[in-house]
Amino acid sequence: MLQIKDLQAGIEGKEILKGINLTIQPGEVHAIMGPNGSGKSTLAAVLAGRSDYEVTGGSVEFLGKDLLDLSPEARAGEGLFLAFQYPVEIPGLSTINFMKTAVNEVRKYRGEPTLDAAEFLKLMKEKMNLVNIDKNLLTRSLNEGFSGGEKKRNEVFQMAMLEPRLAILDETDSGLDIDAIRIAAAGVNAVRSKENATLVITHYQRLLDYIIPDFVHVLYNGRIVKSGGKELALELEETGYSFLKNEMNIA
Amino acid sequence: MSTINIIKDRARQLGADQLDALQPIRTAALASFDKLGVPAVKHEEWKYTRVSQLFNQAYQIGADTATSDLNWQAFRLPEFETANELVFINGVYNAAASTVRSAGLVVLPLQDAAQGEYASIVSKHLGHSAQYLNDGINALNTSFLVGSVFIGVNRSTEIEHPIYIYNINDGRKENVFAQPRTLVHVAENAGVVLVETYGSIGSADHFTNQVVEVVVEQDARIEYYKIQNDSARSSQVSTTHFRQVGKSYVHAVTISLNGAMVRNNLNMVMEAEYCESNMYGLYFTSDSCHIDNHTIVDNVKPHCLSNEFYKGILDGSSTGVFNGKIFVRQDAQKINAFQSNKNILLSDTASVYTKPQLEIFADDVKCSHGCTIGRLDEEGLFYLRSRGITEAIARSLLLHSFAIDILEQVKPDAIRAYIDQLISERLGS
Ligand SMILES: Nc1ncnc2c1ncn2[C@@H]1O[C@H](COP(=O)(O)OP(=O)(O)OP(=O)(O)O)[C@@H](O)[C@H]1O
Ligand SMILES: [Mg+2]
């Protein structure tokens, strides 16, 4: 469903992604790991359509469409979702109002009828239970004054609400306590299906105990330098990234 | 003859015609206007607001017009059926069009109030704003005092329904110069809600020079809302001057959404201990609209609390001005004064001038102030869009979110919903 070919991108003349190749099929879970600053969030942002990053080469196809040609909202409409590493605080806008607008905008994009207040409430209750999020949090200003973990929970809630085809989780596990990780993973697994795929960006094996990946990739210095099965994550947990320097020196 | 001379002539003529109790006050104000003139750009308080250019054209001055075919009702506020409604046409109070319903509420022509039961209140408080606004514009209003009104709220009465004041200008034939004037007295332990709005009819130019003075006695409460959403041909200088003479509560919200050149003076004179006053403002401008909010908080006595929060959204080639003065007199120990002004510029050609001015002569006080000028949050915009919300809707959601904490300060539900609707229309959502 997603084909990334030789993707190059940067910001203000600085090259960050230096030729990424990655293919994700429906039903698969991919994990991307890699040291700080290697370009994981940049990749996620470019896929979601953040305009500060300039794509300088390569292509991305998502469900048969040229992803890079679409506005961020159209990408969401097509079924792409990014759980932000640093969710944005928006004073004065509650998560409920935010999601009411988002869900209906996405439905409009897909040519589906919009939800009325009662239908929306029903959907919201269902997803609140799924990700075990408190209603108080959802009536407060979006992410404002939320703890780190609460922000991440809110991202998982939004994902559940929007039911994406491809969810990209950028370090959704950092800041979450053990229970919350389990709940977040349950949220991901609940929407997991033969049609849907997940791309998990993480530093820790912990999350991958609950969301078991089919493939693990190591991103280093703007390139995927190693790919493998779920055992690669375990291996990285043991050895860290020191092997990269050796391999890169040889290469 | 220049417009200013025509206006002066008219004021002199009024002096000859109207031999009422207000006459000495008019005469003194005219002398003062003669001396001060119209503030020029070099006047520090009028640096950005070139009010003098409004005097470069001819006006019909405060003339009576028939209300029979004047559709002032188009400007009525929600729930007017139960409200007290005071109608000013071209600055002149129109008793026939007005309705006073609530018990404990007294509305009188100012010249009548100046000689009856309320004479001492009028003589003590009328014109107090001139001590703070030492400029010709304020004096000019006082030099007319035609069709002015006294509003009295009786002791220990909570006025059940709000007072709506409609300032209507009839510019169907000629340009209009209107000078509404009101003195409000909220007696001990009384409470009242006052809402002012402005409406221009006709395609001529309108210039309103308004002065409202409010006296708030011991244990009294007032909520005051000013809604400015007039036409792009309507300019105004609108002064609201509160004098808290006893421990009391004032809650003032100024919402400015349209107009040509708008200058608001909002003064809080806290002359008693333990006064509380809140001043909130939202200005949302576009095209060539100019909105200037000048505020003064004067802490005369100890233990007072003032809270001031203004927000601005500026689009097109519009201009916003915020100038917040806080005086803390030597006796005014242990006061708290907060001030904040936040602005979002939506275009490269919009501008905003913001300036806090603190003059503190007491040593044990808490004062804080801050101002920001920024763009619409790009991060927030991307966050919303990444959830499938179109750019246009995302923008309007963000701006609405920015405005909402001011909007929430409008306590009457119907008025808040009305303003929210105006804002939503402006945001195109
Ligand atoms: N807006 C920006 N301006 C300048 N440099 C940037 C910008 N965004 C990212 N970078 C740089 O690009 C590189 C990759 O950053 P990115 O956030 O993608 O890393 P990451 O792999 O997600 O790291 P982490 O594990 O710490 O989250 C870093 O060197 C970072 O400093
Ligand atoms: Mg990152």
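Just so we're on the same page: letters track the sequence lines, and every chain starts at 1. Please read these numbers as outputs of a predicted model, since none were measured by experiment.
Aromatic ring centres of Tyr86(A) and Tyr383(B): separated by at least 6.0 Å.
If you measure heavy-atom distances from Leu384(B) to chain A, the contacts under 4.5 Å come from both the backbone and the side chain. Looking at Glu378(B), neither its backbone nor its side chain comes within 4.5 Å of chain A, counting heavy atoms on both sides. Within the 4.5 angstrom heavy-atom criterion, only side-chain atoms of Ile90(A), from C-beta onward, approach chain B. Looking at Phe98(A), the atoms closer than 4.5 Å to chain B (heavy atoms on both sides) sit in the backbone and in the side chain alike. Only the backbone of Ala45(A) comes within less than 4.5 Å of a heavy atom of chain B; no side-chain atom from C-beta onward does.
Dense packing is recorded around NZ of Lys411(B), with more than 12 heavy atoms of other residues, nucleotides or ligands lying under 6.0 Å away. Within a 6.0 Å radius of OH in Tyr353(B), no more than 12 heavy atoms belonging to other residues, nucleotides or ligands are found. For Lys127(A), the NZ atom counts as densely surrounded, since its 6.0 Å shell holds more than 12 non-hydrogen atoms of other residues, nucleotides or ligands.
Comparing Gln158(A), Arg75(A), Met99(A), Glu89(A) by heavy-atom pairs within less than 4.5 Å of chain B, the highest count is held by Gln158(A). Between chain B and the options Pro91(A), Ala74(A), Gly77(A), heavy-atom pairs under 4.5 Å are most frequent for Pro91(A). Interface check for chain B: of the options Leu82(A), Leu142(A), Asp52(A), Asn97(A), the most heavy-atom pairs under 4.5 Å are formed by Leu82(A). Per-residue counts of heavy-atom pairs under 4.5 Å with chain A were compared for Asp377(B), Asp405(B), Leu397(B); the largest is that of Leu397(B). Between chain B and the residues Glu155(A), Glu78(A), Met161(A), the largest count of heavy-atom pairs under 4.5 Å involves Glu155(A).
Heavy atoms only, all atoms of each residue included: Gly92(A) and Ile404(B) are closest at CA-CG2, 3.6 Å. For Ala76(A) against Ser386(B), the heavy-atom pair with the smallest separation is CB-O, 3.4 Å.
Ring planes of Phe382(B) and Phe84(A): tilted class, angle from 30 to 60°.
Of the residues listed (Arg385(B), Arg387(B), Arg395(B)), the one engaging Glu73(A) in a salt bridge (Lys or Arg N to Asp or Glu O under 4.0 Å) is Arg385(B), and it is the only one.
For the pair Arg50(A) and Glu379(B), the salt-bridge criterion is met [side-chain N within less than 4.0 Å of a carboxylate O].
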